[in-house]
Structures are given as structure tokens and as C-alpha cells.
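Residue numbering restarts at 1 for every chain, and letters A, B, ... go by the order of the sequence lines.
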There are 2 protein chains.
Amino acid sequence: MTDIAARYQTVKQHILDRIGSGDWPPGARIPSENELVAELGISRMTVNRAVRELAQEGRVVRLGGVGSFVAEPQSAPETIAIPPIAQWIAGRGRAHRWRVVESARFEARPELARLYGLPAGTRLAFALILHAENDRPVQLEERHINLDAVPSYAETELPDDMLARALPGATTHTTVEAVPPNRRTAELLDMKAQESCLLITKRVENAGIVASIARLFHPGSRFRLEN
Amino acid sequence: MTDIAARYQTVKQHILDRIGSGDWPPGARIPSENELVAELGISRMTVNRAVRELAQEGRVVRLGGVGSFVAEPQSAPETIAIPPIAQWIAGRGRAHRWRVVESARFEARPELARLYGLPAGTRLAFALILHAENDRPVQLEERHINLDAVPSYAETELPDDMLARALPGATTHTTVEAVPPNRRTAELLDMKAQESCLLITKRVENAGIVASIARLFHPGSRFRLEN
DNA sequence: CAGTGGTCTAGACCACTCC
DNA sequence: GAGTGGTCTAGACCACTGA
């Protein structure tokens, strides 16, 4: 809306110039907000916004109670895709088969409810689904679905597809880690002793409510994320 | 720094909730800043920050002099970030310490050369680096570097930083998998028996030539990718 | 014209870290 | 305790839009 540069933009550029010129090398401490206020003669909120945006852009690291520091040069954003299992199998040119190992509906007991941040007694669906490529198991999907958030859920459909259609605006929080399998998981996934599991956890939230939590177990020897 | 929700975060969530619940469908106008100020009883700067960040995140579109509108649904790329270990540790507010466990230079024997797609006899540097957050090991970096592609390499610097600076245009191919650790890895990473390793492999190529291959081992109980 | 977002100010309180 | 960043307030002026 404004043609002339906003003051916080000027401050950002001022800091970037100092970094680019080598005055403030990576790792160096940059002046505190109060020092910049004094030096530049502007209000602290303006300085704060400038430095905060530089932090969001990864040019600066801020540590509360300590100071702000020039970030190390960015190595590329480096992301890796986490495709739905059907897509992962299709990408390898194999056939996707799946079967429901177990399925139930019940009301959340207090411990489970607390874990999911839902009121106790919330109606949940549970499904244990085994996915295979050419009859070799590659994923065990252990899924809880909040039926209040997704009343249309039915066991005849893959939860991933169903959620994408039922909750187009949902946000997904994902984690990836390595865990040893428990006995049943190892058995269902036809894993050797000693073999590790790649575990992907997906928490789907819609309107701030947890709609689904999935734990996806994969045999370490047959599943690998790639970009 | 603060564990309890900041007020602007609450406002963001409030708006996201309304969008998620369908109260405010895509394209709909959301209340003006002044309306939100009156409705929520907070200052305009706080409302402004909330809505401005939602705009940055692509959930809302703002038009000066007109109003703010719910953005059309984003096709969610479903990716997860793989930060350099220094950044991962910094993001948790811990101190990053590292030491070179082993380091060598030699010419690639045929098997290794074939594995990397390089001519036999290529000069390579090898480094085994242990990374710790607050003295607790979280990554064992096992790295080969093609000295023909990166002649400037020296052991005094982290390979990640060095590569980012020496080969700004390089492409990285990454994989993520779960493996059981071998004895030495488990020992260096201070892992319990049975514990699994999250293994990230990075192959850096510059101008079609493999410049570096890194295998990054992480203790499953202490390292997790997240978005 | 009234309403919108964009920006800025000069204070303030807090939690945290380091000494 | 002094210093840091994190947040919030209650005002303000501006450029822009649309009836």
C-alpha cells in the first residue's frame, strides 16, 4: 500500500547489509533490540518486527534471554516427501493390496483421551490396516479417528482418502522416527528379528480438534523415504 | 520462551477454527481488524499480527482498503524438513558440540568407486564426526568427500557448511530409513541394546559429479523429524 | 465520506539466561 | 540483578478503497 520503504524494512535491509558485508559474520551476535533502538532512533516494536522477520526467514537466530545471532549460511531447505502409501507403492510400479486386520468403535477412556487432547468419552473408531506391495507387507497402519469430527467414516474406505475428502482444510502434523517393533507388529509386517521400524506419525487437526491420529509402521529393510 | 499460548496465537487459532468449521468458507470475508478488536477485547496490534501471519502462511488474503478473505484451500505438499544437525539442535535451544572421531584421505578402491559412480582412484576424504546436543550424542556423521570436486575441504570445518559454501548450486538426493546400528555406531551414540537408528543418507552432486556422500545415524530414542 | 489494512510509537510486564 | 527477547497496549497517522 505504501510506496516508500517501511521503517522496519529499512532496519531489515540495514542488518542484511551488515551481514553481507562481513561486518557481522555467521555466529556473531547482533546488537540487542535496545541497542538498535538507541542507534537508529526508532521504537522497539519496529526493531522487534524487523529482527523477528529475519529470524522467520532464517537469516538470524534468536535466543530469549541471550541475544540474536547471525545464522549460519543456509544449506537448501532440504525437504523430503511423505506420500500416502498407495502412491508410494504405485511409484514403484507394484500392486497395492490392503486388508483390515482389526476394527472397532468405542468411547475414549481417560488416558487415551488425554493423550489426544480430547474429552473423555469421545467416540472413536480404531482400525489396524495392513498394506502390501505385491503381497509383501510394507506398512501397518494403526489409526484412531474421532467420529465427532468425521461422522462419515466407514471401514470400507482407506482413511487417508476419506480424510482428504472430508476435511479439505485440515492441517497435518507429521513426525518420522525409528523404533523397534513390538512382537505383533513384527509378525504382521513379516520382519526378521533385530530389524528396525520406520515410524511415521500423522496427527490431523481440523478447526483445532484432533480428527485422526495414525501411526504408520514400516519394515526398515523394505521401506525408505526418498526425494 | 513462553509455554502458555500467546494472545496472537489464540487469535490465529480462533480464526483457523472458524475456517475449519466451515463458518467462514473459502472466499468469505473475515471480520475487520477493528471488529476483531471489539469482539475479542484485545488491542489492534495483536489482531494485526495474528492476521498478518495467517496471510504469510497463505491461509488468508489481505487487501488494503478492502478487507481480509479466507484463501482458497492449499494443496498440501505433505513434506517434512530435514534440517542440518546444527539447525536441528539450535531449534531445540541446546548447544551443539562436535568432534572428529576419525579422519583420513585415500584413493577410492574399485568397489567403493563403483558404489559412488566415480572412477577408481578418485581422491577421497573420509570423516567420522560425532554431534551432540548438550553433550548427549544425537548424530554420527559418516562422510566421504570427493576431493576433485571440493578441493577446498579441510577437517576443521563442518562438511555441511563447507559444501553449502563451496558448491552453492549443488543438488542433494536424500533418503530416510530405519536400520539397526552396528556395534561401533551404537557405542559412539550411547544407544541401548535393541534401540533403532534413524539413518539419513545425503548424496550431493555438482554438475553431475558426486561431490559427497554422507550417512547420518541418529539414536531412535533421541532424534525425530518433525514439521 | 467512512472503512480498511499498513505502519509506528512509547511505554509496559513477563520469562528466561548469565553472572 | 542486569540484560535479553516475547508479548501486549492504546493510542496515532497514512494510503488506499468503495459507495
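Ring planes of B:Trp88 and B:Phe223: tilted class, angle from 30 to 60°. Between A:Phe106 and A:Phe126, the ring planes are tilted. Angles from 30° to 60° get that label.
Distance from the side chain of B:Arg62 is smallest for C:dG6 among the nucleotides C:dC18, C:dG6, D:dT9. The side chain of A:Ser68 approaches D:dG5 more closely than any other nucleotide in the set D:dT9, C:dT7, D:dG5. You'll find that the side chain of A:Thr46 is closest to C:dT9, out of D:dT9, C:dT9, D:dG6. Of all nucleotides listed (C:dT9, D:dG5, D:dT7), C:dT9 comes nearest to the side chain of A:Ser43.
To the nearest angstrom, C1' of C:dT4 lies 12 Å from CG of B:Asn48. Rounded to an integer number of Å, the gap from CG of A:Leu36 to C1' of D:dG5 is 12 Å. Atom C1' of nucleotide C:dT4 and atom CD1 of B:Ile30 are separated by 12 Å, given to the nearest angstrom. The distance from atom CD1 of A:Ile42 to atom P of C:dA10 is 11 Å, rounded to the nearest whole Å. To the nearest angstrom, C1' of C:dT7 lies 7 Å from CZ of A:Arg49. Here the P atom of nucleotide D:dG5 and the CZ atom of A:Arg52 are 13 Å apart, to the nearest Å. With rounding to whole Å, B:Arg29 atom CZ is found 11 Å from C:dG3 atom P. Straight-line distance from the CE atom of B:Met45 to the P atom of C:dG11: 16 Å, rounded to whole Å.
Inter-residue side-chain proximity for A:Thr10 and A:Ile42 is flagged as unmet; no heavy-atom pair is nearer than 4.5 Å.
A donor-acceptor pair is defined here as one N or O able to donate and one able to accept, closer than 3.5 Å; no such pair exists between the side chain of B:Gln87 and the backbone of B:Pro84. Side-chain atoms of B:His218 come within 3.5 Å of backbone N or O of B:Leu198 as a donor-acceptor pair. Distance alone, capped at 3.5 Å, is enough to place a donor-acceptor pair between the B:Arg222 side chain and the B:Leu189 backbone. Checking side-chain atoms of B:Asn227 against main-chain N and O of B:Thr79 turns up a donor-acceptor pair under 3.5 Å.
Distances shown here put every side-chain N or O of B:Ser32 at or beyond 4.0 Å from the OP1 or OP2 atom of C:dG3.
If you find the closest nucleotide of DNA chain C to B:Val66 and to A:Gly41, the one lying nearer the 5' end belongs to B:Val66.
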Under 3.5 Å, N/O pairs linking protein and nucleotides 12-14 of chain C:
unit_1, atom_1, unit_2, atom_2, d
C:dA12, N6, A:Arg44, NH1, 3.2

